[in-house]
Amino acid sequence: MKNKKNLVSNILTYLFLLLFCAIALYPVINVFTISIRPGDKLLSTSLAIIPDGATFNSYVELFTNRPFLLWMWNSFLVSGVVTFTGVALASTAGYALSRYNFVGKKSSMLGLLTTQMFPATMLLLPMYIMLIQLQLINSYLGLIIIYSATALPFCVWQMKGYYDTIPYSLEESARIDGCNKWQAFYKIIFPLASPALVITALFSFMTAWSEYIVAAQVIQYTELFTLPLGLKSFESRLGAEWGLYAAASLIVSIPVVVLFVVLSKWLVSGLTLGSVKG
Amino acid sequence: MKKYLHLFLSLFALLIFSSCAREKDPNQIVIWHTMRPEETQLLQTQIDRFTKLHPDIKVQQLYKETELMRSGFIISAMAGQGPDLVYGPADQIGPFEEIEIIRPMNDLFTPETLSKFRKEALVYKNGRLLAVADKLGNHLTLVYNKDLVQTPPITDKELIALGQKLTKRNEKGQQQFGLVWNYTEPYFFIPFLTGFGGWVIDSLNRPTLDTESMRNALGFIQDLRDKYKIIPREADYEMADALFKEGRAAMMINGDWSWAGYQNAGMNIGIAPLPFITSTGLYASPTVAPKGYSVNINVTDEKLKKVKKLLDYLLTPENMIEVALATKTLPTRIETLEDPRLLNDPILINSKRQIDLGTPLPIVTEMRAIWDAMRPAYQSVLGGSITPEAATKEMQLTAERKIRELREEIVNPLWGLIVQIMMFLVVITMLIMMRKSIMNFFKYFKRDSFAYLFALPAIVVMIAVIAYPFFYNIVLSFSNMSLAHLRDWSIVGFVQYAKVFSEPQFYEIFLKTIIWTAVNVFFHVTIGVTLALLLNKKLPGSKIFQVILILPWAIPQYIVALTWRGMFNFEYGSINLLLTNVLSLPPVEWLKSPLEAFIAVIITNIWLGFPFMMIIALGALQSIPKELYEAADIDGAKWYQKLKNITIPLIKPVMIPAITLGTIWTFNNINVVWLVSNAGEPADQTHILVSYVYKAAFNLYRYGYAAAFSVVIFLILLIANLTFLRKTKATESVYS
């Protein structure tokens, strides 16, 4: 009886997952079709996945005639540092906000949230003036600081939320065993929060990886371009190089997927919290 | 963990060494342009040749999207920086000239040099030479597929007759059209307006939209679609382009930018002037704009010499002809027009015929207001929701209002002082209210030093980045900063706020924004959590599902959003094909009616957003000890009881921040609306607050108004979130 019920529920689960995978995949496949369609057509009246005269020229062109690898490297550099900064600052700040009561705690939490409420496009003009005065135009430092600030509010809040689910008793016993505050955090709680760290890392990475508008203001030299800037250079209002654009978009998403696959070990890692009575 | 730390640290070191701020190089000339990719490549080749001749000068060319070019150049030039040269169609120069960010070039060229250019190529205003063009064009013509059309039509009657003959099923059984083009966009409609004797603006820069000619022209387009049925029911630029490229449209109305692309795609095309309108005796006359270079006002005299050298080189007859032949655009030097290579090119010859029949595009800033005013009413007529009479009246009134807004003068010196005093009072009250906290901060700083050590770095980064721009905007929202007062703006009080609230559309769009946010967040969370729960069963193959399901998040939004737009196409989109063929439902005109278009935008955004919530939920589920479920099983709990009593309460602390921020982001998410509905189409009916403020304010340079609008958006979100947080107590830890 129980087994039969399980079987039915498993089949339903698979069906549901398959349906959503199909929904998730279909537009992506469309992008793939554009990338191998000859003649730079964004749309087509045919629904064929493999278009007539399919060609991988766009991919070849991307790696041979365009500085695509350079842009990719630049983006890795920026995103890597932003990820590191995001994880370092959010894991600590989230911890303080979850575990300690201090003056200004509530306003800091609200303050972080309110930074997200102002329409971002309006902040561009003053931000640009600020960057010019600090001489951070055409420098990755300017980008990294802005991206970190963009990613932090979410990361801090979400780290805080996750720490909240980890019982206090863990640190208490660690402190009794002779750990200091830092050790209790670093040795006990930090590893336990790995699912949240994975999300923080992914989110910080994505913030930097796909951002275009700020980058377009800050970076003015082709050799400093990050991927989104490079991607946009294939496009113009009427008559873009859609083949290249689509091919590049797919390649751009590969590192994100790889990162996710690598990190998902820690994202879904059945923690043994059972030993502690929450 | 150690391993990764090392990797990150070395990355960090590399970064510090590789790219500290680059000094401004006095020998480097920077050009911003809006050229198409193949033009850009040619420009680069010519620059390379130039730098070989002048090794002491470096040149950097940079493509900018039209809008970013405009806003970016204004921002940076006003800050005393920016590129040395900007290149683009002359109509962008209007605002640049008014803000005084381009340097007149009268002294750079001798009258003798200037006399060698066609007169349209030299853009003057008030006697000042603002741009020198190397290309003439941006004009629409009739492009025809020579495999389907032997002789192009000359008159509108011939066009219709030929169109009807060619609108049929082709050999493959597919629907073929006589004519296609992006007719829903006013720019692509102008030739018919002129053909019926109308125009959009008079010599005093007043709109002239409410005319008999306009109504006749509107009627003509409707007839092409409904009476003669020679054009598709729905066609944006990309769809028209696809139909023409696939040989399923015999003729297309498109600009000089497209011809080279059709030839490169292997098509046998011909170019002909747009038809002669028999009832008026006029030719349909497209707008013609020169495209050329302007000099940034901030260029120093020293550098100007180098810039001049570069300009001279790029404007040589030889280089112009090279560009003309490769990109099928018309050069501007008189001597080049006699060159046999050009005279032997049938496309260029016909293009020149069309240009001679064209209408110059005025470079005044008012033109933006006119385009913006025409678009909604024009699209409503095509959609059948208003009559041509009502539409032309509405166009005229909207254009007049927008021009008033553009030129409005608000000065009130008194308010400057009042607002300053008010702000001072606000700061003082805040300090008084917070005095206890501030004193406590110092008192307990030592006790809480560990917490501060952990919390402050993140907070300091945030304040450093956000504080200045934020307060700058607050100040701006009380100001009259606009095209007329871009540099000399002053505080004028609450005028801009009053404008925001007296905008009749504000409330309607506010309601739409709430619906937009609620529906999106609801589906993001429910779909995300459901998928996470299913994945968390860890059935065989879950890993693969997981990876596929995050794809919508991983792939760059821009191109997928455009693919979705294609999927919503009435005739060829996969969604309608699914509806009609599989589910036997009637097809939906997704992008033409306001409600359906809004639903289409929401569907796209749900697709883009669910993976994010799924990942968060997946992470949250890991914090639930399995023992709880085991205990519940022993007690014989049903699945929904476990969901309600264990899962939901325990993932709440992690989900609440994600949902709160998700709501804020969705509320302010401009991208998807912009891309899928093509900036609010049809008829500006699919806007949410942010896209509306962006379009309404930035198109007309109303920065003070936009700032006030943004502050209102900010306050709405702030109040909503404070209420929400108080209810959920999310700032407090579950254990405290």
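None of these values were measured; they are calculated from a predicted model. In what follows, every chain begins at residue 1, and chains take the letters A, B, ... in the order their sequences are listed.
Heavy atoms closer than 4.5 Å to chain A are found in the side chain of Phe450(B), but not in its backbone. For Ser710(B), the parts sitting under 4.5 Å from any heavy atom of chain A are the backbone and the side chain alike. Contact annotation for Thr33(A): neither backbone nor side-chain heavy atoms come within less than 4.5 Å of a heavy atom of chain B. Both the backbone and the side chain of Pro153(A) come within less than 4.5 Å of a heavy atom in chain B. The parts of Ser76(B) that come within reach of chain A are both its backbone and its side chain, each placing non-hydrogen atoms under 4.5 angstrom from that chain. Of the atoms belonging to Leu453(B), not a single heavy atom falls under 4.5 Å from chain A. At a 4.5 Å heavy-atom cutoff, Phe667(B) makes no contact with chain A through either its backbone or its side chain. Heavy atoms of Leu650(B) lying under 4.5 Å from chain A belong exclusively to its backbone. Contact of Met206(A) with chain B is made through the side chain alone, with heavy-atom distances under 4.5 Å. Only the side chain of Tyr452(B) comes within contact range of chain A, with heavy atoms under 4.5 Å apart. In this structure, the portion of Ile129(A) lying under 4.5 Å from any heavy atom of chain B is its side chain and not its backbone. For chain B, the nearby part of Leu112(A) is the side chain; its heavy atoms alone come within less than 4.5 Å. When heavy atoms are compared at a cutoff of 4.5 Å, Lys537(B) approaches chain A solely by way of its side chain, counted from C-beta outward. Proximity to chain A involves both the backbone and the side chain of Val711(B), based on heavy atoms less than 4.5 angstrom apart. If you measure heavy-atom distances from Val465(B) to chain A, the contacts under 4.5 Å come from both the backbone and the side chain. Both the backbone and the side chain of Phe203(A) come within less than 4.5 Å of a heavy atom in chain B. Interface residue Ser249(A): backbone and side-chain heavy atoms are both found under 4.5 Å from chain B. Residue Asn264(B): no heavy atom, backbone or side chain, is found under 4.5 Å from chain A. In this structure, the portion of Ile466(B) lying under 4.5 Å from any heavy atom of chain A is its side chain and not its backbone. Of the two parts of Ile459(B), only the side chain, counted from C-beta on, holds a non-hydrogen atom closer than 4.5 Å to a non-hydrogen atom of chain A.
No other option in Ser108(A), Ser148(A), Ala246(A), Ala149(A) has as many heavy-atom pairs under 4.5 Å with chain B as Ala149(A). The choice from Tyr245(A), Phe118(A), Phe102(A), Trp209(A) that makes the most heavy-atom pairs within less than 4.5 Å of chain B is Phe118(A). Between chain B and the options Thr150(A), Leu113(A), Ile254(A), Val257(A), heavy-atom pairs under 4.5 Å are most frequent for Leu113(A). Contact tally against chain A (heavy-atom pairs below 4.5 Å) for Leu456(B), Thr40(B), Ile527(B): the top residue is Ile527(B). Between chain B and the residues Val261(A), Thr92(A), Asn74(A), the largest count of heavy-atom pairs under 4.5 Å involves Thr92(A). The candidate from Pro27(A), Ala93(A), Gly111(A) with the greatest count of non-hydrogen atom pairs under 4.5 Å with chain B is Pro27(A). With chain A as partner, the option from Ile716(B), Leu715(B), Ile713(B) having the largest number of non-hydrogen pairs under 4.5 angstrom is Ile713(B). For the set Leu62(B), Val461(B), Asn536(B), the entry with the most heavy-atom pairs within less than 4.5 Å of chain A is Leu62(B). Options Ala620(B), Gly72(B), Ser574(B), Ala707(B) differ in how many heavy-atom pairs under 4.5 Å they form with chain A, and the most are formed by Ser574(B). Contact count against chain A (heavy-atom pairs under 4.5 Å) is highest for Leu549(B) among Leu551(B), Leu549(B), Val693(B). Contact count against chain B (heavy-atom pairs under 4.5 Å) is highest for Tyr26(A) among Tyr26(A), Tyr212(A), Phe225(A).
Rounding to the nearest 0.5 angstrom, the gap separating the CG atom in Leu531(B) from the CG atom in Leu17(A) is 6.5 Å. Residue Leu110(A) holds its CG atom at 8.0 Å from CG of Leu718(B), rounded to the nearest 0.5 Å. Interatomic distance, Leu722(B) CG to Thr114(A) OG1, rounded to the nearest 0.5 Å: 9.0 Å. A distance of 5.5 Å separates CD1 in Ile615(B) from CG in Leu202(A), rounded to the nearest 0.5 Å. Rounding to the nearest 0.5 Å gives a distance of 4.5 Å between OH of Tyr14(A) and CG of Leu539(B). To the nearest 0.5 Å, atoms OG (Ser194(A)) and CD (Gln622(B)) are separated by 8.5 Å.
The closest side-chain heavy-atom distance from Pro657(B) to Lys160(A) is not below 4.5 Å. Side-chain contact between Trp553(B) and Phe260(A): absent, with no pair of heavy atoms (C-beta onward) separated by less than 4.5 Å. Counting heavy atoms from C-beta on, the side chains of Tyr472(B) and Met130(A) never come closer than 4.5 Å. At a threshold of 4.5 Å between non-hydrogen side-chain atoms, the residues Leu231(A) and Pro556(B) count as touching.
For the pair Ala451(B) and Ala96(A), the tightest heavy-atom approach, listed with the atom from each and the gap, is O-CB, 3.4 Å. Here the closest heavy-atom approach between residue Asn473(B) and residue Pro126(A) is recorded as ND2-CG, 3.9 Å. Lys64(B) approaches Ala216(A) most closely through the heavy-atom pair NZ-O, 2.8 Å. Minimum heavy-atom separation, Gln116(A) to Asn668(B): O-ND2, 4.0 Å. Across every non-hydrogen atom of Pro457(B) and Leu89(A), the tightest pair is CB-CD2, 3.5 Å.
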From CA spacing to verdict: side chain to side chain contact (heavy atoms under 4.5 Å, CB included), Phe20(A), Leu534(B): CA-CA 12 Å; Phe20(A) 267 86; Leu534(B) 297 181; over 6 Å; no
What do the steps show when you test Ser210(A) against Gln557(B) for side chain to side chain contact (heavy atoms under 4.5 Å, CB included), and what is the final call? CA-CA 9 Å; Ser210(A) 59; Gln557(B) 271 189 7; over 6 Å; no
The test is side chain to side chain contact (heavy atoms under 4.5 Å, CB included); show your working for Trp242(A) and Glu238(B) and say whether it passes. CA-CA 11 Å; Trp242(A) 291 118; Glu238(B) 298 300 343; 3.5 Å; yes
With side chain to side chain contact (heavy atoms under 4.5 Å, CB included) as the criterion, how do Leu18(A) and Phe545(B) come out once you've worked through the C-alpha distance, each side chain's angles and the decisive distance to 0.1 Å? CA-CA 8 Å; Leu18(A) 277 174; Phe545(B) 286 128; 3.7 Å; yes
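For an aromatic pair to be called close, the ring centres must be under 6.0 Å apart, and Phe454(B) with Tyr100(A) fails this. Aromatic pair Phe612(B)/Phe154(A): centroids less than 6.0 angstrom apart.
Although no hydrogens or angles enter the test, the distance criterion places no donor-acceptor pair under 3.5 Å between the side chain of Asn30(A) and the main chain of Val560(B). The backbone N or O of Ile23(A) sits less than 3.5 Å from a side-chain atom of Trp607(B), completing a donor-acceptor pair.
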